[in-house]
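Here's the structure, in C-alpha cells; my notes come after.
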Amino acid sequence: MSGKSLNIGDQFPNFTADTSEGHIDFYDWMQDSCAILFSHPADYTPVCTTELARVAALVPEFQRRGVKPIALSCDNVESHKGWIEDIKSFGKLSSFNYPIIADDKRELALKFNMLDKDEINAEGIPLTCRAVFVVDDKKKLRLSILYPATTGRNFDEILRVIDSLQLTQTKSVATPADWKQGGKCMVLPTVKAEDVPKLFPDGIETIELPSGKSYLRITPQP
Ligand code: BEZ
C-alpha cells in the first residue's frame, strides 16, 4: 500500500494535521511563503534529535529565504512536546521555533510515500524515512530527497539548493557542481548565442571542448 508519488513541479497536496503548535491546514500555515517539510522515523531517537536542533539553529537562514520549516514524526503531540525539551537541551536552544507534525497514524507518511519498509518499530509498523520536500509559494514541489534513517541530513546543502532554486527562478543560469552563493554559474543551454550579450552584458567564458560544441558557458553569478 502506498500513496501517490510526487514529482518535481507537481502541486503539493494540501493536508490538515495536529502539530506541536496546534492544528494546522498546511496551505494556510504556509501563507505566501515557501516551506520545507522534513520527516523523521520517530521521536526520542538520536539522529533525529541532532537534525531538529540543527534546523532550529538555522531558522533565521530559512526565514531570510522566505522558507518556513515544518518537521513530521510518527508520534503524537504529547510525545513531540516532551521530545522538544530534549532537543532544546541538546541544541542549547532557549525556545523551539517551528512545528512538528504528529503523524502517529502514518496517514501523511502514506499519502506522501514516506514509509520505509526497512525501518520497523517495536510493534512491527514501518516508520518514515528522512524525506525532504521543498514547496514553493505557489504550492509546487520544487525539491524531493529521501535519506535512509541511519544518515542525518546536511541542512546547509538544503539551504544551498534553495539558493540555487531562487536564483535560477529569475536568471537564465543553472548552478554547477558544488556551487555556493556568489560562485560562477552556467549559462542555460536554451539561451541562444545571439541573446548572450543582452542577457550577460559583462560577457561570458566559453570553454573549448574536444567535441567542438559550445555548451560549457560560464558567467559570474548574475
Ligand atoms: C535515529 O534518529 O537515530 C534513528 C532512527 C531510526 C533508525 C535509525 C536511527
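Along the sequence shown, residues are numbered consecutively beginning with 1. Whatever order the structure lists ligands and atoms in, that order sets their numbers, starting from 1.
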Mind listing the side-chain donor-acceptor pairs of residues 6-17 below 3.5 Å, one per line with the distance, residues two or more places apart or on another chain?
residue	atom	partner	partner atom	Å
D10	OD2	N7	N	2.8
Q11	NE2	Y27	OH	3.1
N14	OD1	F26	N	3.4
N14	OD1	Y27	N	2.9
N14	ND2	D25	OD1	3.2
N14	ND2	D25	OD2	3.1

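- No more than 12 heavy atoms of other residues, nucleotides or ligands shown are found within 6.0 angstrom of CD on E78.
- Side-chain contact, Q169 with R142: a donor N or O sits under 3.5 Å from an acceptor N or O.
- Using a cutoff of 4.0 Å between basic side-chain nitrogens and carboxylate oxygens, K180 and D163 are not scored as salt-bridged.
- Donor-acceptor pairing under 3.5 Å is recorded for the side chains of T49 and W83.
- Contact residues of ligand 1 (protein heavy atom closer than 4.0 angstrom to a ligand atom; sorted by chain and number): P41, T45, P46, V47, C48, E119, R130, A149.
- Cation-pi contact between K184 and W179: absent, since separation from the ring centre below 6.0 Å together with deviation from the ring axis within 45° is not met.
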